[in-house]
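Okay, so here's the structure we're looking at.
What you see is a predicted model; the values in this text were computed from it and never measured.
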Amino acid sequence: MELPWHLYLMAIMYVVAGLFHFYKPKAYINIMPPYLPKPKALVFWSGIAEIVLGIGLIIPQLKNISIYLIICMLIVFIPVHIYMLQSEKASKGVPMWFLWLRLPMQLLLIWWAFYYL
């Protein structure tokens, strides 16, 4: 089974995003809503999840489960995007238009993942 090039692009995107959780963990910790427990652990494990699921996309036997889990992960991340809209500290000077754009971008990423099922 030959996978399309854009699935590899998606895989690379998630692996790189996951690696950034370890390269710049403080940036991710700062955007965690205060009602979520153990932000350092959440950043660590979400980084691991992005890396593992990104790799899973290019392994035919794991592709579909990786897609379903990526969709779940993207849904779970929505409260972080909403918190960034509400908190000046969390948004750290990111333009408001970009923060608003992230919500439909999240939906686009979910659609992109569904595309491969």
Side-chain angles (χ1 to χ4, degrees):
M1 172 173 157
E2 190 171 319
L3 300 173
W5 67 268
H6 33 88
L7 185 62
Y8 288 99
L9 177 64
M10 179 188 278
I12 290 167
M13 180 187 77
Y14 283 109
V15 170
V16 169
L19 290 172
F20 265 90
H21 283 72
F22 302 100
Y23 179 65
K24 294 278 187 184
K26 188 169 171 128
Y28 290 92
I29 291 168
N30 288 338
I31 66 171
M32 295 297 275
Y35 55 82
L36 293 176
K38 301 186 180 184
K40 287 182 184 179
L42 290 174
V43 168
F44 175 83
W45 288 110
S46 62
I48 294 291
E50 285 184 319
I51 293 166
V52 169
L53 295 174
I55 292 168
L57 287 174
I58 60 173
I59 300 172
Q61 300 88 336
L62 299 177
K63 180 181 78 73
N64 285 353
I65 189 68
S66 295
I67 290 169
Y68 283 117
L69 292 173
I70 284 170
I71 291 167
C72 291
M73 180 179 68
L74 291 169
I75 292 168
V76 167
F77 288 174
I78 289 173
V80 172
H81 298 303
I82 293 170
Y83 175 65
M84 287 185 73
L85 280 166
Q86 298 171 333
S87 168
E88 225 175 281
K89 178 186 169 221
S91 63
K92 283 242 179 162
V94 175
M96 192 59 75
W97 66 266
F98 183 76
L99 295 174
W100 278 105
L101 184 63
R102 288 179 68 190
L103 290 172
M105 280 179 19
Q106 200 77 352
L107 296 175
L108 184 62
L109 290 172
I110 291 168
W111 172 83
W112 188 19
F114 263 121
Y115 175 80
Y116 296 108
L117 289 175

Original post:
Counting only N and O atoms by type, is there a donor-acceptor contact under 3.5 Å from the side chain of Lys63 to the main-chain atoms of Tyr116?
Top reply: yes
**OP:** Find out if a path of hydrophobic residues (ILVMFWY) with successive side-chain heavy-atom gaps under 4.5 Å connects Ile75 to Leu53.
**Re:** yes
**OP:** Identify whether Ile51 and Tyr28 are in the same connected component of the hydrophobic contact network (ILVMFWY, side-chain heavy atoms under 4.5 Å).
**Re:** no
Original post:
Any link between Ile71 and Met73 through a network of hydrophobic side chains (Ile, Leu, Val, Met, Phe, Trp, Tyr) touching at under 4.5 Å?
Top reply: yes
Original post:
What pair of heavy atoms forms the shortest contact from Ala11 to Gly54, and how long is it?
Top reply: CB-O, 3.1 Å
**OP:** Supply the atom-to-atom distance Leu109 CG to Tyr14 OH, rounded to the nearest 0.5 angstrom.
**Re:** 4.5 Å
Original post:
Quick one: CD on Gln86 to CG on Leu99, what's the gap to the nearest 0.5 Å?
Top reply: 11.0 Å
Original post:
Any idea which heavy atoms bring Val43 and Pro25 closest together, and the distance?
Top reply: CG1-O, 4.2 Å
Original post:
Do the rings of Tyr115 and Trp111 sit parallel, tilted or perpendicular, given the 30° and 60° boundaries?
Top reply: tilted
Original post:
Any link between Leu57 and Ile12 through a network of hydrophobic side chains (Ile, Leu, Val, Met, Phe, Trp, Tyr) touching at under 4.5 Å?
Top reply: no
Original post:
Rounded to the nearest 0.5 Å, what separation is found between the NE2 atom of His6 and the CH2 atom of Trp112?
Top reply: 9.0 Å
Subject >> Heavy-atom neighbours of Tyr23 OH exceed 12 at 6.0 Å >> reply: no
Subject >> Other residues, nucleotides, ligands: >12 heavy atoms within 6.0 Å of Phe22 CZ >> reply: yes
Original post:
Rounded to the nearest 0.5 Å, how far apart are CE of Met10 and CD1 of Ile70?
Top reply: 6.5 Å
**OP:** Could you grab the distance from atom NZ of Lys38 to atom CZ of Phe44, nearest 0.5 Å is fine?
**Re:** 14.0 Å
**OP:** Compare every heavy atom of Ile67 with every heavy atom of Ala113, then report the nearest pair and how far apart it is.
**Re:** O-CG2, 3.2 Å
Subject >> Side-chain heavy-atom pair Leu85, Leu103 within 4.5 angstrom cut-off >> reply: yes
Subject >> Worked check of side chain to side chain contact (heavy atoms under 4.5 Å, CB included) between Met84 and Arg102 >> reply: CA-CA 10 Å; Met84 287 185 73; Arg102 288 179 68 190; 2.8 Å; yes
Subject >> Heavy-atom closest pair, residues Pro79 and Pro33 >> reply: O-CG, 4.1 Å
Original post:
In terms of hydrophobic clustering (I, L, V, M, F, W, Y; side-chain heavy atoms under 4.5 Å; direct or indirect links), are Leu108 and Val80 co-clustered?
Top reply: no
Original post:
Hey, is the main chain of Tyr83 close enough, under 3.5 Å, to the side chain of Ser87 for a donor-acceptor pair?
Top reply: no
Subject >> CE-CD distance between Met96 and Glu88, expressed to the nearest 0.5 angstrom >> reply: 8.0 Å
